[in-house]
Amino acid sequence: MAEDSGQERSEEPTAKRLEDARKKGQIPRSRELNTFVVLLAGVMGCSIFGGFIAKKLRQTMMANFRLERKELFDSDALLLHSSEAFTNTLSLLTPFLALMVLAALVAPLGLGGWMFSWGNLQPKFSKLNPLEGFKRMFAAKGLVELIKSLLKVLLLGGVATLLLQSYQAEIFGLIQHNLQLALDHGLDILWRSTLLLSAALVVLVAIDVPYQLWDHRKKLKMTLQEVKDEMKESEGRPEVKSKIRQLQHERASQRMMDEVPKADVVVTNPTHYAVALKYDQQGGGAPKVVAKGVDMIAAQIRNKAVAADVPLVAAPPLARALYYNTELEREIPEGLYLAVAQVLAYVYQLKVAAHPGERPPPPTDLPVPEEYLRPSGATRE
């Protein structure tokens with residue numbers, strides 16, 4: 001289906017498009033499914049409650065047909081008997097009616113779910129236009145409904161014909177029984193026939209439900225330009241951009257924290273700054289910064305390092321220099337090679353020390369050039 005712009009609706013509807021359509025009451029519906037569920041519930045209700053209801057109704061009718069002469073001419077007595085008969089009948093039919101109401105409520109859950117939209121209650125004067133009515137009659141949807149109606153007539157008519165042929169001998173044989181047996185047998189034939197006719201609607205339901213789903217998505221299909229416009233509109237909202245930035249920052253922080261246990265050393269300020277370094281001796285090159293942060297993030301890095309037995313080295317000038325002049329997953333600058341090498345040598349000596357008394361003293365007076373102690377173009381966390 002082409003738009004005025006000439007673009008075809010070739011794109012599947014987005015989640016927003018589907019949600020907007022649902023708010024307007026545009027959801028897939030299958031009348032065949034609803035009819036099948038309600039009709040099947042009615043047949044099952046008659047099977048469950050039919051015998052009891054018929055017995056009680058017969059007793060009520062017999063009681064009212066046996067009224068004495070003086071009660072027939074007493075308006076108060078007639079009113080009392082009528083109200084009792086009505087109350088008894090209503091109480092008998094209540095379970096069956098409740099089952100039918102429940103089926104009518106459950107049926108929409110099979111396709112589309114429950115939906116109440118005020119927009120559908122608003123009057124649409126375009127529907128009063130005869131020309132629009134003729135267009136709807138001869139539109140593709142009208143043709144589909146006509147085909148479904150013809151199929152329903154042919155299907156149910158064919159099943160009914162087969163049932164009549166199947167039960168022909170039993171139906172003609174009813175005249176050989178007394179009235180009570182004939183009624184019972186006749187009602188049994190009627191119940192079985194109705195159940196089979198209801199089951200035949202499964203064919204229509206199997207055709208109509210997929211068609212309604214396909215037709216619903218087809219109506220909501222979008223052009224490529226509509227998809228682009230919707231994405232721009234969604235991403236252009238300040239709250240959406242803020243949420244995206246927040247999620248990106250959280251994911252980046254989580255990835256950074258996951259690298260801390262893999263580090264060789266964490267250089268600290270010792271409280272305000274923390275920079276985690278990793279040196280790949282096999283791959284060569286300079287040590288890389290795998291995590292860095294200040295204040296709360298620095299505290300999280302230190303906690304992660306302690307939990308993973310990564311050594312902490314307090315070197316305030318070097319920690320500030322690394323924080324200000326490095327980027328994540330990048331090698332340290334050449335001017336800090338000597339200072340970092342002394343820290344890594346100290347860490348190596350810690351690992352090979354057999355006893356706590358053999359541990360070397362931490363390095364002091366690390367050679368950190370003055371120009372590295374000031375912030376450069378690195379981004380502050």
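In this text, all values refer to a predicted model and were calculated from it rather than measured experimentally.
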J.: Sub-3.5 Å donor-acceptor pair from the side chain of K278 to the main-chain atoms of K262, do we have one?
T.: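 Yes; judged by distance alone, with no hydrogens or angles, the pair exists.
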
J.: Any sub-3.5 Å donor-acceptor pair from S166's side-chain atoms to L162's backbone N or O?
T.: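 Between the backbone of L162 and the side chain of S166 there is no qualifying donor-acceptor contact (under 3.5 Å).
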
J.: Going hydrophobic residue to hydrophobic residue with side-chain gaps under 4.5 angstrom, can you get from V203 over to L201?
T.: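 Both belong to a single hydrophobic cluster.
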
J.: For residues V209 and S30, report the shortest heavy-atom separation together with the two atoms involved.
T.: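 Residues V209 and S30, closest heavy atoms: CG2-OG, 4.0 Å.
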
J.: Over all heavy atoms of both residues, which pair between A103 and A41 is shortest? Give the atoms and the distance, please.
T.: CB-CB, 3.4 Å

J.: If every non-hydrogen atom of T94 is compared with every non-hydrogen atom of L90, which pair is closest and at what distance?
T.: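 Of all heavy-atom pairs spanning T94 and L90, the closest is OG1-O, 2.6 Å.
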
J.: Answer yes or no: are there more than 12 heavy-atom neighbours, outside H272 itself, under 6.0 Å from its atom NE2?
T.: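 12 or below, so no.
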
J.: Verify, without hydrogens or angle tests, whether N325 (side chain) and A321 (backbone) share a donor-acceptor contact under 3.5 angstrom.
T.: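 Yes; judged by distance alone, with no hydrogens or angles, the pair exists.
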
J.: Please examine the side chains of V260 and V290, heavy atoms only from C-beta on, and report whether any two atoms are closer than 4.5 Å.
T.: no

J.: Do the non-hydrogen side-chain atoms of I297 and M256 ever get within less than 4.5 Å of each other?
T.: yes

J.: Search all heavy atoms of A319 against all heavy atoms of V275 and return the closest pair with its distance.
T.: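 Smallest heavy-atom distance, with atoms named: O-CG2, 3.8 Å.
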
J.: Less than 6.0 Å separating the ring centroids of Y323 and Y273?
T.: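 Yes, the ring centres sit under 6.0 Å apart.
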
J.: Please check this pair: side chain of R302 against backbone of V266, looking for a donor-acceptor N/O pair closer than 3.5 Å.
T.: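 Such a contact is absent between R302 side chain and V266 backbone.
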
J.: Find the distance between OH (Y211) and CG (L204) and round it off to the nearest 0.5 Å.
T.: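 Spacing of OH (Y211) from CG (L204) equals 14.0 Å.
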
J.: Donor-acceptor pair, distance only, cut-off 3.5 Å: does the side chain of N303 make one with the backbone of A299?
T.: yes

J.: A side-chain contact here means heavy atoms from C-beta on lying under 4.5 Å apart; do L174 and L181 qualify?
T.: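 Side-chain contact under 4.5 Å: no.
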
J.: Can you find a heavy atom in the side chain of N269 that is under 4.5 Å from one in the side chain of R320?
T.: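 Sidechains of R320 and N269: in contact.
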
J.: Within the side chain of K292, is there an N or O that forms a donor-acceptor pair under 3.5 Å with the backbone of T326?
T.: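 Yes: the side chain of K292 pairs with the backbone of T326.
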
J.: Mind checking whether L146 and L155 sit in one hydrophobic cluster, side chains of I, L, V, M, F, W, Y counted as touching below 4.5 Å?
T.: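 No: no chain of side-chain contacts under 4.5 Å links L146 to L155.
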
J.: Counting only heavy atoms from other residues, nucleotides and ligands, does the tally under 6.0 Å from OH of Y337 exceed 12?
T.: yes

J.: Output, in order, the C-alpha distance, side-chain angles, deciding distance and verdict of side-chain contact (heavy atoms from CB on, under 4.5 Å) for R217 and E12.
T.: CA-CA 7 Å; R217 295 191 72 87; E12 290 295 322; 3.3 Å; yes

J.: Given E329 and K288, is the salt bridge (charged side-chain N to carboxylate O under 4.0 Å, His left out) satisfied, shown in steps?
T.: CA-CA 6 Å; E329 299 299 330; K288 291 183 179 181; 5.6 Å; no

J.: Step by step, work out the side-chain contact (heavy atoms from CB on, under 4.5 Å) result for R251 and R255.
T.: CA-CA 6 Å; R251 290 175 182 174; R255 288 195 300 269; 3.8 Å; yes

J.: Within a strict 4.5 Å, meaning less than it, do heavy atoms of the P369 and L336 side chains meet?
T.: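 Yes, close enough: below the 4.5 Å cut-off.
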
J.: Would a hydrophobic clustering, with Ile, Leu, Val, Met, Phe, Trp and Tyr connected at side-chain separations under 4.5 Å, put V306 with V265?
T.: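 Yes, V306 connects to V265 through the hydrophobic network.
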
J.: Please determine whether side-chain contact (heavy atoms from CB on, under 4.5 Å) holds for the pair V37 and L40, giving the CA-CA distance in whole Å, both sets of side-chain angles, and the decisive distance to 0.1 Å.
T.: CA-CA 5 Å; V37 174; L40 189 62; 6.0 Å; no

J.: Measure across T194 and L190 and return the closest heavy-atom pair with its distance rounded to 0.1 Å.
T.: OG1-O, 2.8 Å

J.: Does E371, at its CD atom, have more than 12 non-hydrogen atoms belonging to other residues, nucleotides or ligands within less than 6.0 Å?
T.: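 Atom CD in E371 is packed in, count exceeds 12.
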
J.: Do L366 and V343 have side chains that get closer than 4.5 Å, going by heavy atoms?
T.: yes

J.: Any side-chain to backbone donor/acceptor pair from E170 onto Y167? Under 3.5 Å, distance only.
T.: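 Absent.
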
J.: Begin with the C-alpha distance, continue with both residues' side-chain angles, and end with the deciding distance and a verdict on side-chain contact (heavy atoms from CB on, under 4.5 Å) for V267 and L277.
T.: CA-CA 8 Å; V267 183; L277 301 176; 4.1 Å; yes

J.: Is there a side chain to side chain donor-acceptor pair (under 3.5 Å) between N88 and E84? Walk through the geometry before answering.
T.: CA-CA 6 Å; N88 292 336; E84 288 180 355; 5.7 Å; no

J.: Looking at I301 and A274, what are the two nearest heavy atoms and their distance?
T.: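 Nearest pair, atom of I301 first, then A274: CD1-O, 3.9 Å.
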
J.: Decide yes or no for T14 and E19: does some side-chain heavy atom of the first lie under 4.5 Å from some side-chain heavy atom of the second?
T.: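 No; the side chains remain at least 4.5 Å from each other.
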
J.: Would a single hydrophobic cluster contain both L97 and V38, if residues Ile, Leu, Val, Met, Phe, Trp and Tyr are joined by side-chain heavy-atom contacts under 4.5 Å?
T.: yes

J.: Hey, are the side chains of M222 and R17 touching, using non-hydrogen atoms and a 4.5 Å cut-off?
T.: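 A side-chain contact under 4.5 Å exists here.
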
